[in-house]
Amino acid sequence: MTRSAPRASRDAPHVLIVGGGGTGGALAHDLTLRGVRITLVERGEFTSGTTGRHHGLLHSGARYAVSDRESAIECIEENAILRSICPGSFEENDGLFVAITDEDMDYYDDFVEGCKACGIPIEELAPQEALRMEPLLNPGLKAAVRVPDATMDAMRMPLRFFATAKHRGATLYNFMEVLDLVIDGGAVTGATVRDLVTGSEGDLHADLVVNATGPWSEKIARMAGVDVPISPSPGVMLALRGRLCNMVINRMHRSGDGDIVVPQRGLSVVGTSSWTVEDPDELDVPEDHVARMREEGSKLIPAIAQAVSRAAWSAARPLIGAKDADSGRELSRTFKTIDHVEDGVEGFVTITGGKATTLRGMAELCGDVICRKLGIDRPCSTRSVTTLPHTAFYAETERRLA
Amino acid sequence: MSGQELPGTERRDDQGPVLRKGVGIPTSGWFDPRGRALGGFAFAVNRVTGLGLVAYLYLHLAVLSMLLRGGSAWSGFLRLATSWLFLSLDVLLIFGILYHGLNGIRVALVGSGIVADRQKALWWALGVIGTLALAFSAIHIYGSR
Amino acid sequence: MSAADPLPTTRRFRVYRYKRGDPGWRFDPFEVPVGPRTTVLDALRWIQLHRDRTLALRHSCFHASCGTCGMQVNGREALACVTLADPLGSTITVEPLANIPVLTDLVVDMGQVFARFPDEIGTVRMSEKPSRASPPDGIDTYERFEDCIECGLCLSACPVSATSDAYVGPAALAAAQRLLEEPRGVDPERILDWAGDPAGAWRCHVAFECTEACPSNVRPAERIMALRGALAAGRRTVATVTPG
């Protein structure tokens, strides 16, 4: 990695990041490289909220190529960057979009055109070619398109950003819960926290506090008396024993439940559904959603119907938009950085929305906003800095930086 | 670290407790039978029989040393040695020798990588041989009375 | 109420509690509603949300892929996310993993686990299935993540690790064997040197508890045995090997 990036000096601005998911980790990495002093607090283990629970897809962007080109372009750009800065954190097996029904075929031309328009490299395949690559696919498939999807490790890939930030001097606390924000003269100046490891409580002070708590960001924002338009939107995923495919298998249609199978180690993960809830802590796993995952998934890979279940779980996406949308699918998946000075509160920024594939890009844009506020004139360098392996996160010394 | 540290969190670097399995005695974790599978039992019994055989070696030397004290002491010992209880201890000794020896063969075969994935089958196969040998020995020992 | 009624029953959880700086540890009892699908992790999260916010535990993926929620449930190593509470009896005892220092409550210090691994630890491997698949152009062989999820269950279950911290333990040795099976540029001689240390492969006593405990099909014991086979074939003597 680049060794020229300076360490934060003692009098550099100090930013407190609340939330230890992929977004918080990537932001800590981004800002430490720009010379900002960082303290990050997470109430549980790092990536324990939404990040670690996602199905582990590194998006090619093809899923959004028709309906949301902005997202699709973001995805394919970040896809290439992440592969280069996180080597070894992906099962680089590409993905297939598979058309099963005549309705799926109606979507085919739009899909191919959308991918081309967004710069997503694709390869159109005859059914026999697709079956040669993936023998367990539905033999009745009508067409397939190869895209640069990949499987990521939903915890270990983001952990690389934490590892790199930590070895560059960021202070990262897991098991540190924010009880309240410290507000002084209309500005957020820190947070009152409780250390769940030692039982200590106290205030952490900062020049700026960033709310990077994903679907929990409304709860944290309320502590500053401001509102953020976030809907916690859970989805159900089903992990089955057995690796039924090597490539990521997507249904070629606009969007729907159970339309993706992500192979991961010795498991096959089928996802996902979508609804909205009030409290991201209270997620249930509706039985009918689990059954739908199996039913829809078996249309892509028939063996899914008989596969043995390993786990079924829910994860809450942080979707931006009106709270009264009921399914969550109409809401935008792009991310948003909110400077709460618009709400009359200084020193407080919320970054939310987005997805694991775009965590670095989110951090870059949010980092730009934060640096502008703090008067720091140093560009983002995360595109070219190779992150440390996840194992470095647990290493006490900095020997792996050499 | 360049960020801010919360007072008190330095205790995170203290040495925390380490949970150990066991039966209340330090370093007895290897013996704890709770939650053990076949291989774990096989290992624990192997170690117990090993310790038993070492104890027996010293007992054996002590018994032989009786010969130094003359014939009457030895005759007294022989009367004791033909009691039901003593013969049962002999059977237990044979069990210890058979188990430790046969399991030793199993551990050697598995542990040298020759049949690395057949530990359970080997245990049962050698267990059958051992049980037959033990039954044969027991009939002879009790029949000697 | 009919017999088929899915209403939850109440179970008593005895949860290990310890905060750094406490003079000792204790068990806290909690009555938790449990349904047929409730996992031990669900139950512990329910305790966090409804009974005691200060309870600390690790979790991330919820499907046995990240390896963070390893703990002892009724004295047996388990990933809480895939362990159903219903069949576990009326009282369920939850403790942190053994043989690894406790950070707090159910959280152990994973730095002590990672410190045991060889430096070259791999993350991806060749995919073995399905064998008749032929990968697309540009991909020589399908690749996938290693099975080991670095959860520490094997270290907790190992009866040798229960009595000696010097032994590097099953996960690290299994990772070394994986490097021999698929070196990916790593020097096998260096790995054999590392594994041939007296605290390495020869320290194992063949109890196979690691393979019983492993939730991710690594079969560490079989791998340690294979490692010994490789060491023996190389006619190495443990005495000449420097610590790894």
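Protein chains get the first letters and strands the later ones, always in sequence-line order, with residue 1 at the start of each.
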Engaged part of C:Ala221 at the chain B interface, taking heavy atoms whose separation is under 4.5 Å: neither
Spell out, as yes or no, whether a donor-acceptor pair under 3.5 Å connects the side chain of C:Glu77 to the backbone of C:Gln72. no
Given a strict heavy-atom distance threshold of 4.5 Å, which part of C:Gln112 is in contact with chain B: side chain, backbone, both, or neither? neither
Let me confirm one number: the CG-CD distance from B:Asn103 to B:Gln119, rounded to the nearest 0.5 Å. 9.5 Å
If you tally heavy-atom pairs under 4.5 Å against chain C, which of B:Val110, B:Ile114, B:Asp117 wins? B:Val110
Checking C:Arg223 against chain B: side chain, backbone, both or neither under 4.5 Å from a heavy atom? neither
One thing to verify: whether C:Arg76 and C:Glu209 come together as a salt bridge, which I'm taking to mean a side-chain N less than 4.0 angstrom from a carboxylate O. yes
Name the region of C:Glu222, side chain, backbone, both or neither, that has any atom closer than 4.5 Å to a heavy atom of chain B. both
Is the closest side-chain donor-acceptor distance between C:Thr93 and C:Tyr16 under 3.5 Å? no
Examine whether an atom of B:Ser112 lies under 4.5 Å from a heavy atom of chain C, and if so say whether it belongs to the side chain, the backbone or both; otherwise answer neither. backbone
Which bit of C:Leu97 comes within less than 4.5 Å of chain B, counting heavy atoms only: side chain, backbone, both or neither? backbone
Pick one of side chain, backbone, both or neither for B:Arg36, based on which atoms fall under 4.5 Å of a heavy atom in chain C. both
Note: vs chain B, highest number of non-hydrogen pairs under 4.5 angstrom among C:His205, C:Glu95, C:Arg219 is C:His205
Check for a donor-acceptor pair, side chain of C:Arg20 on one end and backbone N or O of B:Asp14 on the other, with a separation under 3.5 Å. yes
Apply side chain to side chain contact (heavy atoms under 4.5 Å, CB included) to the pair C:Trp194 and C:Leu173, showing each step before the final yes or no. CA-CA 9 Å; C:Trp194 180 89; C:Leu173 290 168; 3.8 Å; yes
Which residue out of C:Leu227, C:Ile224, C:Asp165, C:Thr211 racks up the most heavy-atom pairs below 4.5 Å with chain B? C:Asp165
Using a strict 4.0 Å threshold on nitrogen-to-oxygen distance, state whether C:Asp147 and C:Arg125 make a salt bridge. yes
In a check of side chain to side chain donor-acceptor pair (under 3.5 Å) between C:Arg17 and each of C:Thr54, C:Thr104, C:Asp22, which one passes? C:Thr54
Taking C:Arg228 for the side chain and C:Ala201 for the main chain, is one N or O donor matched with an acceptor at less than 3.5 Å? yes
Please rank C:Val206, C:Asn74, C:Val102, C:Ile100 by heavy-atom pairs under 4.5 Å with chain B and give me the top one. C:Val102
Under 4.5 Å to a heavy atom of chain C? For B:Ala37 that would be both
Side chain, backbone, both or neither: which part of C:Leu103 has a non-hydrogen atom closer than 4.5 Å to chain B? side chain
